[in-house]
Each structure stands twice: as structure tokens, then as C-alpha cells.
2 protein chains.
Amino acid sequence: MADLKTQHLLTLAHILSKGGKHNFVNITTTSLGKEIGKSQQSASLHLKELELGGFIERIQSGRKQSIKITHKGFVELSTLNNLLSKLISKSPNSLTFTGTITSGMGEGAYYMSMKGYTKQFKSKLGYIPYPGTLNVQIKEKKFSEAISQLSNYEGTKISPFSDGKRTFGWVKCFKSKINNKIDCELILLERTHHDTTIVEFISKYNIRKSLKISEKSNVKVKISILDNFS
Amino acid sequence: MADLKTQHLLTLAHILSKGGKHNFVNITTTSLGKEIGKSQQSASLHLKELELGGFIERIQSGRKQSIKITHKGFVELSTLNNLLSKLISKSPNSLTFTGTITSGMGEGAYYMSMKGYTKQFKSKLGYIPYPGTLNVQIKEKKFSEAISQLSNYEGTKISPFSDGKRTFGWVKCFKSKINNKIDCELILLERTHHDTTIVEFISKYNIRKSLKISEKSNVKVKISILDNFS
DNA sequence: ATTACTAGTTATCGAGTAA
DNA sequence: TTTACTCGATAACTAGTAA
């Protein structure tokens, strides 16, 4: 018997939503068509094919019909759901890339030492960062592209503040690990020049010293990303 | 921007399975085509359309490409998954129907009083059934059709046994409720005449007396069905 | 090896309509 | 009202092939 066509997925899901798992439910092809965004004729065809494939059972009396999902049909939906669930939950929530240490003073270095930020770092990250930032130059385009999408995710949000004269923007921190050893945070600044080929890190430690790395050393970075939807 | 087409679902899922949630992964159109059961050309087109719709991002270098799912693409998959999950878990696991009491001795009545069965009823259901079975005649075809699919589900399994001379088949019990009051079990027998217009019930109580019902009374039955997959 | 175009085929769809 | 047919339009796909 034929496989479940992906185009029939919505139709099957709709029957399930109407309570057709164990009981025959009354569904007209017109209403089904509307629900799945297709014509009445297409809905009719969908039902015919689903019946032929053994995914639903129909009872027609006069011009009305009752529909019920078969065990096979339900298993099919469950299987797909399990597959998707596993894929989604098992997908590693990390971004890994390589780059080289660069000295170019990160724009964040100065600001990150301001009290308005350090106070928040202490409470939200649990430490006051070592003064200065570590700058990593990313060579491969695919890495910088991937990093530029980071802004879509939450991270740890450091709020903007004002010192009376001017305001300083928010900072998003993403838990990272350099060379599989040093814990640190990648920082995304609200006010930045959007050059994603250089990324900045803050850490409790002096990363350069701790790793005994210097200018142009290659480093491997792993960034953890948490989803913000349930 | 266009919606995610259902035909692209498998493609997106495959990219996710390759680790493309946050990192760019190398996927050839040939391998993708094989995975989704389509041609290399179709795979190529899928990627083009997914990119156009903002669901994936591609980086092409020479004749190879790296692919990454966008935040939008991942949300789309998650949303669909959540929808399916809810539908599947919220679908009521019960079958409801109406029928009339009938006196025709159920075939099970005699056998259900045998020690080989009663011992198991006691341990698996927690009670020894009142002698005899209640027989309900089902009038509407849609109900008998729905019941005939019950055999695909597990229920409480009473094992076959032998008394030395002959063997007696298994019995499957499904927790039921008659007229929203009396707890009982619908029984499916391994050796039965497969007439699904009459169903039999066993109960701790004398159902007729308890409900003060007699021949040809109408009853409403609700059968609970448990899934046997995770 | 790649990706992706063009051209031809098949599947899917919707309008019109019958029953 | 319903379901579902025919048929023409469009979308999706594959084969062949170029780059």
C-alpha cells in the first residue's frame, strides 16, 4: 500500500482534530477544503486517496459521510511526530567555529568595564569579567554568516543603562568555550558596526594567559545557544 | 514571504538531521535527493525555494554548498511539531456508541466462567466477573466499523490456557463504562465469529440489575483505548 | 565530482457540473 | 445541500545536459 503523501498530512491532522481517532466524525469536503486551504474538489480527492491508502475509513450514507482515522493512519502521524520531535530535541544547540586571535581593540573592551555593565555581569553571569575583551577573527564566511544569525536567539540579556549624560545599549551574552577549556561569553552589542568577522569574548579569566595563546593563534570556539520557545 | 510548502518538509528535516540548526553543513543535492526520495534536480529546486522563502541559508563555494537552517526555518518546524504533538496527545482515547441490550447468549458467557480465565481476571482486572456477559446490539454501521478496529489496540491481555483436553484462546479487555455509571470491560475473544454488531461485556456487578435495564433498553457505552507505542 | 538550467512528463489542483 | 466526476491549468518532478 502506498505511503502517506506529505500533501495529505494536513488533511489527516484535521480529521484527528475533529475527534476522528476512534470515532467516525462528520466532515464535509467543503469544510475540509476550507480548513486545509484547498478547494472542495481537492478535499474530496484527498479523502479518496487516504481511503485507498488505508489511512482513513469512510462510511457514506446518502450524500453525507463519516470519517475515522485507521490505526495505520494514526501510526503514520505518530511516527512522523516522533521523528520530528527527536530531530528537534536532539539537534545540538551549539555553534562551532575556528578563528585567530587578533589584537585590534574590540569596540566593547572599554565599555564592558563600566559599572553599569559590570554590576549586571556579576549578578547575571556570576562574575566580573577580566578587563578587556578577547577578539577572534573569523576567516570562513560560513562561520561569520552563522554568527550573524545569533541575534535571533536570546542569550543572557544585559540591560541598557544611563550614566546621566548618555545611554549605553544592551549586551547579549552567549555561553562559550574556547579550545575546549576556557569558559567565557561571546558578546553581541546593541550598538556595533555589524562586522561579524570579528567576535568579542569576555571571561572571568585572562584568556590569553590561561591558554598561553598570542596574536594569530588559532582557536576553536563553541557557542551554546538556548531556544526561547516551548 | 511565502509559507513553507509541505513538500519541503522532509528536505528541511533532513538538513536539521545533518546538524544544520546552527552550523553550515555540507549537503549535496544528489544525497539530499536520495534521502527525500526525489531526484537530484528536485532537491536542487527545493533548496532554491527554501532559500527564497528564508527557511535556509546557503553558501556556495565553487560547486559545493553549505547549508544552514535559519531561525525562521527552525521555528516553522517547531510550530508544526508542536501542533502535531498536541493533536496526538489531546485526541481522546475513547470510543463512544449507543446500542440496545440483547439477550442472545453471548458466546463468551460460558467460557468466561472457566477457572483459567477467572484466575487471570482476578489478577489483571482486580475482580472475578459476575457470571454471564452483557450483550449489546449495535445498530449503526459506523459504530460496528469503529469497534472492529479495536483489535489493533492492546487492551488488557488475558492469556490462552489449556485444560489438558483443549486450549482456550486469548481475551482482550477494554475498560468501559455503560450509561456513565457502571464500570465494566468490553471483551474481544480470539475465537469468535467476528460479528461486530454484538459486543460483550463483563463486570464485577450484575449490570442489568445495577442499571435496572432490561431487554431492548438503550445503553450508551464509552470504551477506553490505550496506545501501545511511545 | 558538483549545481542547476531547459524541456518534457506526471501529479495536483480548481472550475464546471452531474447526481 | 451533499460528493465526486471530467477536463483544462498549473505545479512538481525527472531526464538530459551544460558549466
Side-chain angles (χ1 to χ4, degrees), chain A residues 1-15 18 20 24-70 73 76 140-142 145, chain B residues 1-15 18 20 24-69 73 76 80 140-142 145:
Chain A
M1 244 188 286
D3 246 18
L4 179 68
K5 298 184 183 176
T6 56
Q7 75 218 0
H8 292 151
L9 222 137
L10 275 177
T11 300
L12 207 55
H14 179 252
I15 299 171
K18 289 293 177 190
F24 281 89
V25 288
N26 299 322
I27 294 176
T28 67
T29 53
T30 310
S31 68
L32 174 61
K34 270 177 195 155
E35 289 281 346
I36 63 172
K38 298 278 154 65
S39 66
Q40 171 269 323
Q41 293 87 338
S42 291
S44 176
L45 205 65
H46 278 205
L47 293 180
K48 193 179 176 184
E49 293 185 356
L50 281 169
E51 186 179 33
L52 204 73
F55 302 108
I56 65 168
E57 213 175 327
R58 287 196 290 178
I59 289 181
Q60 263 138 316
S61 56
R63 281 180 172 129
K64 300 217 169 179
Q65 65 183 328
S66 295
I67 305 169
K68 188 189 151 300
I69 296 179
T70 60
E76 202 77 16
E140 288 185 66
K141 193 189 173 196
K142 67 178 189 179
E145 283 284 336
Chain B
M1 242 187 286
D3 246 19
L4 178 67
K5 297 184 184 176
T6 57
Q7 74 223 0
H8 292 151
L9 219 137
L10 277 176
T11 300
L12 205 56
H14 180 251
I15 299 170
K18 290 291 176 191
F24 281 88
V25 288
N26 299 322
I27 293 177
T28 67
T29 53
T30 310
S31 68
L32 173 61
K34 271 178 194 157
E35 290 279 348
I36 63 171
K38 298 277 154 67
S39 66
Q40 171 269 321
Q41 292 87 339
S42 290
S44 176
L45 207 65
H46 278 205
L47 293 179
K48 194 180 176 185
E49 294 185 356
L50 281 169
E51 186 179 32
L52 204 74
F55 302 107
I56 65 168
E57 213 174 328
R58 288 197 290 178
I59 290 180
Q60 264 139 313
S61 56
R63 283 180 172 129
K64 298 214 171 180
Q65 66 183 328
S66 295
I67 305 168
K68 189 186 150 307
I69 295 178
E76 202 77 17
L80 180 75
E140 285 186 67
K141 192 187 173 194
K142 67 178 190 180
E145 284 284 335

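Keep in mind it's a predicted model, so treat the numbers as computed, not measured. Because only heavy atoms are used, hydrogens play no part in the values below, and waters and symmetry mates are left out as well, while side chains stay in. Within every chain, numbering begins at 1; the chains are lettered A, B, ... in the order of the sequence lines, protein sequences first and strands thereafter.
Using modelled atom types, one finds a donor on one side chain and an acceptor on the other under 3.5 Å when comparing B:Gln40 with B:Thr29. Judged purely by distance below 3.5 Å, without hydrogens or angles, the side chains of A:Glu57 and A:Thr70 never pair a donor atom with an acceptor atom.
In this structure, A:His8 and A:Arg63 both approach DNA chain C, and ranking their closest nucleotides by distance from the 5' end singles out A:His8.
Counting any heavy atom pair closer than 4.0 Å across all strands shown, B:Ile27 reaches sugar-phosphate atoms only and no base atom. At a threshold of 4.0 angstrom between heavy atoms, the contacts of B:Thr28 are confined to the sugar-phosphate backbone, with no base atom among them.
Residues A:Gln65 and A:Leu47 come closest through the heavy atom pair NE2-CD1, 3.5 Å. Among all heavy-atom pairs drawn from A:Ala43 and A:Gly33, the shortest one is CB-N, 3.7 Å. Shortest non-hydrogen contact noted between A:Arg58 and A:Lys48 is NH2-CA, 3.7 Å. Residues B:Asp3 and B:Phe55 share a closest heavy-atom pair of C-CZ, 3.7 Å. Heavy atoms only, all atoms of each residue included: B:Ile27 and B:Ser31 are closest at CG2-OG, 4.1 Å.
In terms of the side-chain contact (heavy atoms from CB on, under 4.5 Å) criterion, residue partners of A:Leu10 (sequence neighbours excluded) are, by chain and number, A:Ile36.
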Atom pairs, protein N/O to nucleotides 5-10 of chain D N/O, distance under 3.5 Å:
unit_1 : atom_1 : unit_2  : atom_2 : d
D:dC5  : OP2    : A:Lys48 : NZ     : 2.9

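Remark: P of D:dA12 and CD1 of B:Ile36 are 13 Å apart, rounded to the nearest angstrom. The distance from atom CG of A:Leu50 to atom C1' of D:dA4 is 16 Å, rounded to the nearest whole Å. In this structure, the NZ atom of B:Lys5 is 8 Å from the P atom of D:dA11, given to the nearest Å. What separates CG of A:Asn26 from P of D:dT2 is a distance of 12 Å, to the nearest Å.
For D:dA11, the OP1/OP2 oxygens have no side-chain nitrogen or oxygen of B:Gln7 closer than 4.0 Å. For B:Lys38, a side-chain nitrogen or oxygen approaches OP1 or OP2 of D:dC13 to under 4.0 Å.
Once you apply a 4.0 Å limit to the heavy atoms of chain B, the touched nucleotides of DNA chain C run 5' to 3' over C:dA1 to C:dC5.
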### Message
Applying salt bridge (charged side-chain N to carboxylate O under 4.0 Å, His left out) to B:Glu145 and A:Lys68, what does each step give before you reach the verdict?
### Response
CA-CA 9 Å; B:Glu145 284 284 335; A:Lys68 188 189 151 300; over 6 Å; no

